[in-house]
Structure formats: C-alpha cells, structure tokens
Amino acid sequence: MVHANRTMGAEFGGASLDGPATGMRGQWARHALLPLRLFLGATFLYAGIDKLTDPAFLSASGAGSLGETLRQVHDAAAFPQLIDLAQQNPVIFGYAIAAGELAVGLGTLVGLLGRLAAFGGALISLMLWLTVSWATTPYYYGNDLAYLMAWVPLVLAGTPRFSLDSALANRRKRHGAQLYG
C-alpha cells in the first residue's frame with residue numbers, strides 16, 4: 001500500500017495522495033493554471049477594451065459593425081435565434097459583450113470570483129462559437145471552441161493562487177481562528 005501511494009504520487013507531479021505536492025514538480029503543479037489564467041484574462045480584457053474603443057464595432061450597420069457581422073453569420077449560425085435577439089439592438093448587445101469581456105478579464109486576472117469569471121468567459125466563448133464561428137471549417141480553425149475548452153479548467157479549479165479569492169479565504173481563516181480558536 002505504501003508503494004502504491006508513492007508510485008501514484010509520482011504520476012501526479014510529485015503530489016502524494018496523502019498530502020501536498022513537494023519539490024519542484026509540486027511547485028509547478030500548484031502554479032500550472034496561472035499562465036492560462038493570465039492569457040485568458042488579458043485576452044478578454046483586451047477584447048472588451050478593443051470593442052469599446054472601436055466606433056465601427058458599436059454601430060448598428062456599416063463595415064466592421066456588430067450589426068453587419070450579425071447579418072453575415074445569421075444563416076450559418078447553429079442558433080440563429082441568438083442572432084435574432086442580438087439584431088434587435090446590436091449597439092446595446094455590443095456594449096453588453098464588451099462589458100462582459102471586461103468583467104471576465106478583470107475577474108480572471110485579479111482572481112476575484114474566479115470560478116464565476118471563468119464561467120462567464122466560457123459562456124461568452126460558447127455563444128460566440130454557436131453563432132459567429134459555427135460555420136468555420138474545419139472546426140479547429142475557429143478559436144471560440146478552443147477558448148471554451150480553455151476556460152473549463154478555470155471553472156473547475158477557480159483561482160487558487162495569487163488571487164483576491166485566496167487572500168479573502170486566508171483572511172476568513174485567520175479571523176475565524178481568532179474568533180473561535
């Protein structure tokens with residue numbers, strides 16, 4: 001039994017089944033999601049800022065506008081009903097997308113409500129995949145599906161390292177120990 005634990009622990013980046021990871025592999029394992037978190041957070045933050053600063057995107061019609069994009073992808077979307085909903089007021093919908101991307105990007109970067117931010121990012125990526133990039137062939141040329149899959153580990157794990165979530169959890173532990181310990 002002891003040998004099985006040591007062998008299985010080696011398979012999980014140096015983490016034994018009984019306790020925390022140790023050594024260099026353990027350090028890497030604890031920080032494995034940080035590059036993904038930084039990339040996705042920065043990308044969504046940039047995408048939100050880019051949309052808010054692009055007057056063409058926030059127009060109902062014209063080259064580069066969300067309205068024009070919606071018209072172009074309507075017939076090829078997996079759920080054209082989502083496009084119909086957005087076409088009712090593309091300017092407000094554009095602001096909503098930009099605000100969502102900003103919130104997701106900031107939440108992910110600073111690690112505040114990390115799972116919720118990641119879920120929001122996954123939801124935005126899912127909606128974009130089902131509408132704008134659904135008709136991309138072969139499917140792996142479209143990036144929205146890859147973004148959706150990239151958000152899943154952060155939805156599952158949250159932002160446990162270098163985050164406001166972990167700082168708040170540590171603060172709650174300290175104050176709880178002082179009050180009840």
Side-chain angles (χ1 to χ4, degrees), residues 11-13 28-163 165:
E11 293 177 292
F12 295 111
W28 289 349
R30 281 192 288 276
H31 296 88
L33 292 178
L34 192 57
L36 183 63
R37 182 178 136 205
L38 294 174
F39 170 76
L40 290 172
T43 300
F44 269 60
L45 183 64
Y46 177 79
I49 292 170
D50 188 46
K51 285 174 179 62
L52 288 176
T53 58
D54 182 3
F57 176 80
L58 294 171
S59 299
S61 61
S65 70
L66 180 59
E68 183 60 31
T69 301
L70 294 171
R71 278 188 283 288
Q72 289 174 358
V73 300
H74 183 275
D75 294 335
F79 289 102
Q81 300 85 353
L82 293 173
I83 303 262
D84 292 337
L85 182 65
Q87 283 179 322
Q88 291 176 9
N89 196 331
V91 174
I92 290 177
F93 194 75
Y95 277 109
I97 291 172
E101 288 174 339
L102 284 173
V104 164
L106 283 172
T108 303
L109 282 175
V110 301
L112 182 61
L113 301 173
R115 281 192 171 106
L116 182 60
F119 181 76
L123 190 60
I124 290 170
S125 297
L126 175 64
M127 294 301 113
L128 290 172
W129 177 55
L130 293 174
T131 55
V132 178
S133 64
W134 180 257
T136 302
T137 55
Y139 77 92
Y140 51 83
Y141 281 169
N143 62 357
D144 295 316
L145 180 58
Y147 277 107
L148 172 60
M149 293 298 111
W151 282 112
V152 171
L154 293 176
V155 170
L156 296 174
T159 53
R161 299 269 176 211
F162 306 111
S163 66
D165 286 346

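Please read all numbers here as calculations on a predicted model, not as lab measurements.
Contact annotation: the side chain of Y147 never approaches that of L128 to less than 4.5 Å [non-hydrogen atoms, C-beta and beyond]. Residues I49 and L102 have side chains in contact (heavy-atom distance under 4.5 Å, counting atoms from C-beta outward).
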Could you list the donor-acceptor pairs under 3.5 angstrom formed by side chains in residues 138-146, with sequence neighbours left out?
{"unit_1": "D144", "atom_1": "OD2", "unit_2": "S133", "atom_2": "OG", "d": "2.9"}

Pair up each side-chain donor or acceptor in residues 105-127 with any protein partner under 3.5 Å, not counting sequence neighbours, and list the distances.
{"unit_1": "T108", "atom_1": "OG1", "unit_2": "V104", "atom_2": "O", "d": "2.7"}
{"unit_1": "R115", "atom_1": "NE", "unit_2": "V155", "atom_2": "O", "d": "3.2"}
{"unit_1": "R115", "atom_1": "NE", "unit_2": "L156", "atom_2": "O", "d": "3.2"}
{"unit_1": "R115", "atom_1": "NH2", "unit_2": "L156", "atom_2": "O", "d": "2.8"}
{"unit_1": "R115", "atom_1": "NH2", "unit_2": "A157", "atom_2": "O", "d": "3.4"}
{"unit_1": "S125", "atom_1": "OG", "unit_2": "G121", "atom_2": "O", "d": "3.0"}

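With a 6.0 Å radius and a threshold of 12 heavy atoms from other residues, nucleotides or ligands, L38 has its CG atom above the threshold.
Residues H31 and F162 approach most closely at CD2-CE1, 3.2 Å, considering heavy atoms. When all heavy atoms of L36 and A150 are compared, the closest pair comes out as CD2-O, 3.3 Å. Nearest heavy atoms, A76 versus A135: CB-CB, 3.5 Å. Heavy atoms only, all atoms of each residue included: S65 and S59 are closest at CB-O, 3.2 Å.
The CG atom of L66 lies 12.0 Å from the CD1 atom of I92; values are rounded to the nearest 0.5 Å. Summarising the geometry, atom CG belonging to L52 is positioned 6.5 Å from atom CG belonging to L58; distances are rounded to the nearest 0.5 Å. Rounding to the nearest 0.5 Å places OG1 of T159 at 10.0 Å from CG of L33.
Each of T69, L82, L70 was checked for a side chain to side chain contact (heavy atoms under 4.5 Å, CB included) with T131, and the lone residue meeting it is L82.
Counting only residues at least two apart or in different chains, ring-ring contact (aromatic ring centres under 6.0 Å, His included) contacts with residues 43-98 comprise F44-W151.
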